[in-house]
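Notes follow the structure.
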Amino acid sequence: MANFGTTQRIPTSSTPSSTVDTHEPKEPHEKMHSDFKISCPFNIPLTAEAASVRIIKNLVNLGLYYTLFVWIILFITLIPQRKVSLILLVIMTYVTTLYLLLLRAYPNSVVLHRIIDKRFVLTLLAVATAVQLILTEAVIHLAVTLACSIPLVLIHAVLWVGFEAFEIEDASVTGELVPLAGHDESGAGNSDAV
């Protein structure tokens with residue numbers, strides 16, 4: 001009575017499950033542990049020229065992050081003593097954010113992108129922020145923040161290689177062709193081409 005209404009199936013294959021190799025990848029997306037390698041995105045440039053090129057490239061690519069780093073340090077130093085300076089810093093940050101959102105919202109605007117230069121406006125906003133901090137007697141905080149954070153930013157900009165070098169290295173190992181970043185396809189900018 002215990003088995004009423006149920007059927008039992010008898011397995012037809014008699015292969016034991018112990019013959020399955022557990023060291024083989026079960027799926028194609030699973031990799032073997034031998035493919036694991038650690039890559040460090042930091043290294044020391046060999047020449048001063050390579051260091052200066054890397055600094056310029058990293059300031060262009062990571063400039064927003066460097067600015068946020070300096071801004072956060074300045075914000076933290078202003079919290080305990082300079083409330084007015086802190087409020088003015090937040091207002092200038094809000095104005096800068098609105099300007100950058102306008103640039104993003106209207107990518108085809110001739111006035112925002114061609115007549116008014118973005119670098120000029122951002123420089124003007126940075127100078128206005130510095131003048132406001134000087135007028136509210138927070139110049140010591142600004143000077144200490146810049147003296148502490150700019151060397152850290154420059155050290156990071158010199159040492160940061162980025163992950164593009166590792167992608168090119170991995171692709172060259174597998175035999176793929178990878179275009180160089182910033183490479184002029186016409187060959188006009190290449191002075192080594194003969």
Side-chain angles (χ1 to χ4, degrees), residues 41-42 45 49-79 82-139 141-168 170-171 176-193:
F42 294 101
E49 185 175 282
S52 63
V53 167
R54 192 181 293 177
I55 287 173
I56 292 170
K57 185 184 87 165
N58 285 335
L59 286 177
V60 169
N61 293 337
L62 303 173
L64 176 66
Y65 299 109
Y66 294 150
T67 306
L68 286 175
F69 176 70
V70 173
W71 185 89
I72 288 170
I73 292 175
L74 181 61
F75 190 83
I76 290 171
T77 59
L78 289 175
I79 286 177
R82 303 287 179 191
K83 304 291 185 197
V84 175
S85 301
L86 187 65
I87 291 170
L88 291 174
L89 183 67
V90 170
I91 289 171
M92 290 307 290
T93 303
Y94 182 72
V95 170
T96 306
T97 305
L98 283 178
Y99 174 70
L100 293 175
L101 286 174
L102 275 174
L103 286 177
R104 175 97 26 142
Y106 299 106
N108 297 329
S109 173
V110 175
V111 174
L112 288 175
H113 291 282
R114 301 197 193 241
I115 296 173
I116 302 172
D117 189 24
K118 177 173 79 169
R119 291 174 291 192
F120 173 73
V121 173
L122 293 177
T123 303
L124 183 67
L125 288 171
V127 168
T129 303
V131 167
Q132 287 177 356
L133 290 174
I134 290 169
L135 292 176
T136 56
E137 299 174 356
V139 70
H141 298 283
L142 179 63
V144 168
T145 300
L146 292 176
C148 293
S149 61
I150 288 182
L152 293 174
V153 166
L154 288 177
I155 289 171
H156 184 272
V158 167
L159 297 178
W160 179 258
V161 175
F163 291 105
E164 296 125 6
F166 299 111
E167 291 172 2
I168 291 172
D170 290 342
E176 298 176 26
L177 294 176
V178 179
L180 297 175
H183 180 67
D184 186 16
E185 291 184 18
S186 66
N190 191 356
S191 62
D192 295 335

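Computed from heavy atoms alone, side chains included, the values below leave out hydrogens, waters and symmetry copies.
Of the residues listed (T145, V144, L68), the one engaging I73 in a side-chain contact (heavy atoms from CB on, under 4.5 Å) is T145, and it is the only one.
Annotation: side chain of T77 is in contact with side chain of L74 (closest heavy-atom distance under 4.5 Å). Here the side chains of K118 and Y99 are in contact, with some heavy-atom distance below 4.5 Å. No side-chain heavy atom of V153 sits under 4.5 Å from any side-chain heavy atom of L62. Counting only heavy atoms from C-beta outward, the side chains of T129 and T93 never approach each other to under 4.5 Å. Contact check for L112 versus L102: side-chain heavy atoms found under the 4.5 Å cut-off.
Atom CG in N61 sits 9.0 Å away from atom OH in Y66 (nearest 0.5 Å). Taken from CD1 in I116 to CG in L103, the straight-line distance is 9.0 Å, to the nearest 0.5 Å. A distance of 7.5 Å separates CD1 in I91 from CD in Q132, rounded to the nearest 0.5 Å. For the atom pair I87 CD1 and T136 OG1, the distance stands at 10.5 Å (nearest 0.5 Å). Rounding to the nearest 0.5 Å places OG1 of T96 at 9.5 Å from CG of L124. Rounding to the nearest 0.5 Å gives a distance of 12.0 Å between CG of L89 and NE2 of H141.
Taking every heavy atom of both residues into account, L78 and A138 meet most closely at CD2-CB, 3.9 Å. Taking all atoms of both residues into account, the shortest heavy-atom contact from S85 to L133 is CB-CD2, 3.8 Å. Across P45 and R54, no two heavy atoms sit closer than the pair CD-NH1, 3.7 Å. Scanning both residues, K57 and V161, for their nearest heavy atoms gives NZ-O, 3.8 Å.
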Next item on the list: Dump the intermediate steps for side-chain contact (heavy atoms from CB on, under 4.5 Å) on L125 and V95, then the final yes or no.
Entry: CA-CA 8 Å; L125 288 171; V95 170; 3.9 Å; yes
Next item on the list: For L122 and L100, run side-chain contact (heavy atoms from CB on, under 4.5 Å): C-alpha distance rounded to whole Å, both residues' side-chain angles, the deciding distance at 0.1 Å, then the answer.
Entry: CA-CA 9 Å; L122 293 177; L100 293 175; 4.2 Å; yes
Item checked: Stepwise ring pair (Phe, Tyr, Trp, His ring centres under 6.0 Å) test for F69 and H156 -> CA-CA 12 Å; F69 176 70; H156 184 272; 9.0 Å; no
Next item on the list: Could you go through the side-chain contact (heavy atoms from CB on, under 4.5 Å) check for D117 and V121 one step at a time?
Entry: CA-CA 6 Å; D117 189 24; V121 173; over 6 Å; no
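Without hydrogens or angle criteria, N58 side chain to V158 main chain gives no donor-acceptor distance under 3.5 Å. A side-chain donor-acceptor contact under 3.5 Å links R82 to the backbone of E137. Checking side-chain atoms of S109 against main-chain N and O of Y106 turns up no donor-acceptor pair under 3.5 Å.
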